[in-house]
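In what follows, chains carry the letters A, B, and so on, assigned in the order in which the sequence lines appear, proteins first and then strands, with residues in each chain numbered from 1. These values consider heavy atoms only, across backbone and side chains, with no hydrogens, waters or symmetry-generated copies.
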Amino acid sequence: EAGVTQFPSHSVIEKGQTVTLRCDPISGHDNLYWYRRVMGKEIKFLLHFVKESKQDESGMPNNRFLAERTGGTYSTLKVQPAELEDSGVYFCASSQVRGGNSPLHFGNGTRLTVT
Amino acid sequence: DQQVKQNSPSLSVQEGRISILNCDYTNSMFDYFLWYKKYPAEGPTFLISISSIKDKNEDGRFTVFLNKSAKHLSLHIVPSQPGDSAVYFCAASGYGGGTSYGKLTFGQGTILTVHP
(Lines give C-alpha, C1' and ligand atoms only; values in the text may rest on other atoms or scores of the structure.)
Protein backbone atom coordinates (compact mmCIF):
# COMPACT_ATOMS: atom_id res chain seq x y z
CA GLU A 1 0.00 0.00 0.00
CA ALA A 2 1.47 3.35 -1.04
CA GLY A 3 1.72 5.91 1.73
CA VAL A 4 0.78 9.56 1.70
CA THR A 5 2.84 11.35 -0.92
CA GLN A 6 3.55 15.04 -1.09
CA PHE A 7 5.02 17.15 -3.85
CA PRO A 8 7.32 19.00 -4.02
CA SER A 9 9.55 17.94 -1.16
CA HIS A 10 11.12 21.37 -1.06
CA SER A 11 10.16 24.74 -2.51
CA VAL A 12 12.02 28.03 -2.35
CA ILE A 13 10.10 31.09 -3.50
CA GLU A 14 10.32 34.83 -3.12
CA LYS A 15 7.94 36.86 -1.04
CA GLY A 16 4.86 37.72 -3.08
CA GLN A 17 5.03 34.66 -5.30
CA THR A 18 2.55 31.82 -5.42
CA VAL A 19 3.18 28.21 -4.47
CA THR A 20 0.96 25.16 -4.74
CA LEU A 21 1.57 22.10 -2.64
CA ARG A 22 0.07 18.75 -3.52
CA CYS A 23 -0.91 15.79 -1.39
CA ASP A 24 -1.99 12.33 -2.50
CA PRO A 25 -3.55 10.46 0.42
CA ILE A 26 -3.61 6.73 0.89
CA SER A 27 -6.14 5.25 -1.50
CA GLY A 28 -9.54 4.89 0.14
CA HIS A 29 -8.86 7.38 2.90
CA ASP A 30 -11.74 9.84 3.00
CA ASN A 31 -10.15 12.02 5.69
CA LEU A 32 -7.35 14.33 4.63
CA TYR A 33 -5.61 16.82 6.89
CA TRP A 34 -3.08 19.59 6.38
CA TYR A 35 -0.68 20.54 9.16
CA ARG A 36 2.26 22.92 9.38
CA ARG A 37 5.39 23.01 11.52
CA VAL A 38 7.14 26.35 11.77
CA MET A 39 10.70 26.82 13.05
CA GLY A 40 10.88 23.57 15.02
CA LYS A 41 7.77 24.33 17.01
CA GLU A 42 4.64 22.26 17.41
CA ILE A 43 2.85 20.76 14.44
CA LYS A 44 -0.26 22.87 13.95
CA PHE A 45 -3.55 21.86 12.36
CA LEU A 46 -4.60 23.79 9.27
CA LEU A 47 -7.68 22.03 7.92
CA HIS A 48 -9.55 18.79 7.48
CA PHE A 49 -11.35 17.40 4.44
CA VAL A 50 -13.87 14.60 4.45
CA LYS A 51 -13.90 13.50 0.85
CA GLU A 52 -14.20 16.76 -1.09
CA SER A 53 -15.83 18.76 1.71
CA LYS A 54 -13.98 21.04 4.11
CA GLN A 55 -14.94 19.75 7.53
CA ASP A 56 -12.84 22.11 9.61
CA GLU A 57 -10.64 24.95 8.38
CA SER A 58 -10.25 26.67 11.72
CA GLY A 59 -6.45 26.46 11.55
CA MET A 60 -5.99 28.27 8.24
CA PRO A 61 -3.88 31.36 9.02
CA ASN A 62 -5.59 33.78 6.64
CA ASN A 63 -7.18 34.12 3.23
CA ARG A 64 -3.84 33.84 1.45
CA PHE A 65 -4.17 30.09 1.95
CA LEU A 66 -6.56 28.10 -0.23
CA ALA A 67 -7.03 24.35 0.00
CA GLU A 68 -8.96 22.22 -2.41
CA ARG A 69 -9.78 18.57 -2.81
CA THR A 70 -11.67 18.19 -6.03
CA GLY A 71 -13.20 14.76 -6.49
CA GLY A 72 -12.22 13.72 -3.02
CA THR A 73 -8.86 12.33 -4.07
CA TYR A 74 -5.71 14.44 -4.01
CA SER A 75 -5.57 17.84 -2.37
CA THR A 76 -3.73 21.07 -3.12
CA LEU A 77 -2.77 23.89 -0.79
CA LYS A 78 -2.05 27.19 -2.49
CA VAL A 79 -0.34 30.12 -0.82
CA GLN A 80 -0.85 33.39 -2.66
CA PRO A 81 0.91 35.73 -2.16
CA ALA A 82 3.52 34.07 0.04
CA GLU A 83 4.94 35.93 3.03
CA LEU A 84 8.13 35.29 5.01
CA GLU A 85 6.19 33.86 7.96
CA ASP A 86 4.72 31.16 5.74
CA SER A 87 8.05 29.34 5.75
CA GLY A 88 7.87 25.95 7.39
CA VAL A 89 7.17 22.30 6.73
CA TYR A 90 3.68 21.50 5.48
CA PHE A 91 2.47 18.01 6.27
CA CYS A 92 -0.45 16.20 4.79
CA ALA A 93 -2.06 13.27 6.59
CA SER A 94 -4.90 10.91 5.86
CA SER A 95 -7.02 8.39 7.72
CA GLN A 96 -9.73 5.97 6.79
CA VAL A 97 -11.87 6.56 9.81
CA ARG A 98 -12.43 9.87 11.50
CA GLY A 99 -11.69 9.61 15.15
CA GLY A 100 -9.10 9.64 17.86
CA ASN A 101 -8.54 5.92 17.63
CA SER A 102 -7.68 6.06 13.95
CA PRO A 103 -4.08 7.28 13.75
CA LEU A 104 -3.20 9.67 10.98
CA HIS A 105 -0.73 8.61 8.32
CA PHE A 106 1.58 11.47 7.45
CA GLY A 107 3.47 12.28 4.30
CA ASN A 108 7.10 13.40 4.40
CA GLY A 109 6.11 17.01 4.10
CA THR A 110 6.94 19.93 1.84
CA ARG A 111 9.56 22.29 3.18
CA LEU A 112 8.59 25.79 2.05
CA THR A 113 11.14 28.57 2.25
CA VAL A 114 9.98 32.10 1.48
CA THR A 115 12.83 34.57 0.94
CA ASP B 1 -2.52 29.15 24.13
CA GLN B 2 -0.77 25.83 23.81
CA GLN B 3 -3.01 23.00 24.94
CA VAL B 4 -0.39 20.25 24.69
CA LYS B 5 3.08 20.87 26.08
CA GLN B 6 6.31 18.94 26.04
CA ASN B 7 8.53 20.90 28.37
CA SER B 8 11.75 19.03 27.65
CA PRO B 9 13.16 20.02 24.26
CA SER B 10 15.71 17.21 24.39
CA LEU B 11 16.65 14.04 26.24
CA SER B 12 19.87 12.06 26.11
CA VAL B 13 19.95 8.43 27.24
CA GLN B 14 22.45 5.58 27.20
CA GLU B 15 21.62 2.53 25.12
CA GLY B 16 19.84 -0.11 27.18
CA ARG B 17 18.49 2.37 29.71
CA ILE B 18 14.96 3.67 30.02
CA SER B 19 13.82 6.78 28.14
CA ILE B 20 10.95 8.72 29.69
CA LEU B 21 9.28 11.43 27.63
CA ASN B 22 6.67 13.63 29.26
CA CYS B 23 3.67 15.55 28.06
CA ASP B 24 1.12 17.80 29.77
CA TYR B 25 -2.23 18.98 28.47
CA THR B 26 -4.75 21.55 29.58
CA ASN B 27 -7.94 20.72 27.68
CA SER B 28 -10.09 18.30 29.69
CA MET B 29 -12.10 17.53 26.53
CA PHE B 30 -9.18 15.58 25.10
CA ASP B 31 -10.11 11.94 25.11
CA TYR B 32 -7.42 10.20 23.14
CA PHE B 33 -3.68 10.60 23.25
CA LEU B 34 -1.04 9.52 20.79
CA TRP B 35 2.71 9.49 20.43
CA TYR B 36 4.36 10.02 17.09
CA LYS B 37 7.99 9.54 16.17
CA LYS B 38 9.71 11.63 13.52
CA TYR B 39 13.01 11.15 11.76
CA PRO B 40 14.68 14.02 9.87
CA ALA B 41 13.13 14.76 6.47
CA GLU B 42 10.29 12.33 7.13
CA GLY B 43 6.75 12.74 8.34
CA PRO B 44 5.62 11.73 11.83
CA THR B 45 4.82 8.05 12.20
CA PHE B 46 2.36 6.69 14.71
CA LEU B 47 3.92 4.91 17.66
CA ILE B 48 1.37 4.19 20.37
CA SER B 49 -1.88 5.59 21.73
CA ILE B 50 -4.07 5.50 24.80
CA SER B 51 -7.72 6.19 25.45
CA SER B 52 -8.72 8.30 28.41
CA ILE B 53 -10.54 5.32 29.94
CA LYS B 54 -7.20 3.61 30.45
CA ASP B 55 -4.14 4.55 32.44
CA LYS B 56 -1.60 2.36 30.68
CA ASN B 57 -1.02 0.88 27.26
CA GLU B 58 1.92 -1.26 26.32
CA ASP B 59 3.33 -2.29 22.95
CA GLY B 60 6.65 -4.09 23.05
CA ARG B 61 9.32 -1.75 24.34
CA PHE B 62 6.92 1.18 24.42
CA THR B 63 4.51 1.97 27.24
CA VAL B 64 2.32 5.03 27.58
CA PHE B 65 0.97 6.09 30.97
CA LEU B 66 -1.91 8.49 31.45
CA ASN B 67 -2.69 10.42 34.64
CA LYS B 68 -5.99 12.17 33.95
CA SER B 69 -6.19 13.98 37.25
CA ALA B 70 -2.79 15.55 36.61
CA LYS B 71 -3.45 15.94 32.87
CA HIS B 72 -0.14 14.28 32.24
CA LEU B 73 1.08 11.45 30.08
CA SER B 74 4.44 9.85 29.56
CA LEU B 75 6.09 7.50 27.11
CA HIS B 76 8.54 4.93 28.42
CA ILE B 77 10.96 3.19 26.10
CA VAL B 78 12.72 0.18 27.61
CA PRO B 79 15.37 -0.70 26.66
CA SER B 80 16.36 2.29 24.58
CA GLN B 81 18.17 1.65 21.32
CA PRO B 82 20.20 3.98 19.08
CA GLY B 83 17.55 3.58 16.38
CA ASP B 84 15.06 5.20 18.74
CA SER B 85 16.88 8.51 18.29
CA ALA B 86 14.25 10.83 16.78
CA VAL B 87 11.85 13.62 17.66
CA TYR B 88 8.86 12.40 19.67
CA PHE B 89 5.59 14.27 19.51
CA CYS B 90 2.74 13.95 21.95
CA ALA B 91 -0.70 14.58 20.44
CA ALA B 92 -4.27 14.69 21.68
CA SER B 93 -7.73 14.57 20.16
CA GLY B 94 -11.30 14.89 21.37
CA TYR B 95 -14.15 12.45 20.93
CA GLY B 96 -17.69 13.23 20.20
CA GLY B 97 -19.25 15.38 17.57
CA GLY B 98 -17.99 18.69 16.46
CA THR B 99 -15.05 19.79 14.44
CA SER B 100 -12.43 18.64 16.94
CA TYR B 101 -13.20 14.99 16.32
CA GLY B 102 -10.15 13.36 14.76
CA LYS B 103 -8.14 16.57 14.67
CA LEU B 104 -4.83 16.30 16.51
CA THR B 105 -3.26 18.92 18.75
CA PHE B 106 0.49 18.41 19.00
CA GLY B 107 3.17 19.34 21.48
CA GLN B 108 6.46 20.91 20.42
CA GLY B 109 8.32 17.63 20.37
CA THR B 110 11.24 16.20 22.35
CA ILE B 111 14.49 15.25 20.64
CA LEU B 112 15.61 11.88 21.99
CA THR B 113 19.22 10.85 21.50
CA VAL B 114 20.22 7.33 22.49
CA HIS B 115 23.98 6.90 22.77
CA PRO B 116 25.59 3.52 22.03
Same cluster for B/Leu75 and B/Phe30 if Ile/Leu/Val/Met/Phe/Trp/Tyr side chains link at under 4.5 Å? yes
Exercise: identify the closest heavy-atom pair between A/Ile43 and B/Pro44: CD1-CG, 3.8 Å
With a sphere of 6.0 Å drawn around CZ of A/Phe7, does it hold more than 12 non-hydrogen atoms of other residues, nucleotides or ligands? no
Crowded around B/Phe62 CZ? As in, over 12 foreign heavy atoms under 6.0 Å? yes
Pairwise distance CD(B/Gln2) to NZ(A/Lys44) - rounded to 0.5 angstrom: 7.5 Å
Close side-chain approach of B/Lys103 and A/Asp56, heavy atoms under 4.5 Å: yes
Linking directly or through intermediates, with side-chain heavy atoms under 4.5 Å: list the remaining ILVMFWY members grouped with B/Ile20, chain and number order. B/Ile18, B/Val78
Are the side chain of B/Tyr36 and the backbone of A/Pro103 linked by a donor-acceptor contact shorter than 3.5 Å? no
Using non-hydrogen atoms and a 4.5 Å limit, figure out which bit of B/Lys5 sits close to chain A: side chain, backbone, both or neither. neither
For atom NZ of A/Lys15, is the number of surrounding heavy atoms from other residues, nucleotides or ligands below 6.0 Å larger than 12? no
Only residue of A/Phe45, A/Phe91, A/Tyr35, A/Tyr33 satisfying ring pair (Phe, Tyr, Trp, His ring centres under 6.0 Å) with B/Phe106 is A/Tyr35
So for atom CZ, which belongs to B/Arg61, do other residues, nucleotides or ligands contribute more than 12 heavy atoms lying within a distance under 6.0 Å? yes
Measure distances from A/Arg37 to the heavy atoms of chain B and classify the residue's part below 4.5 Å as side chain, backbone, both or neither. side chain
Nearest 0.5 angstrom please: B/Leu104 CG to A/Glu42 CD, how far? 13.5 Å
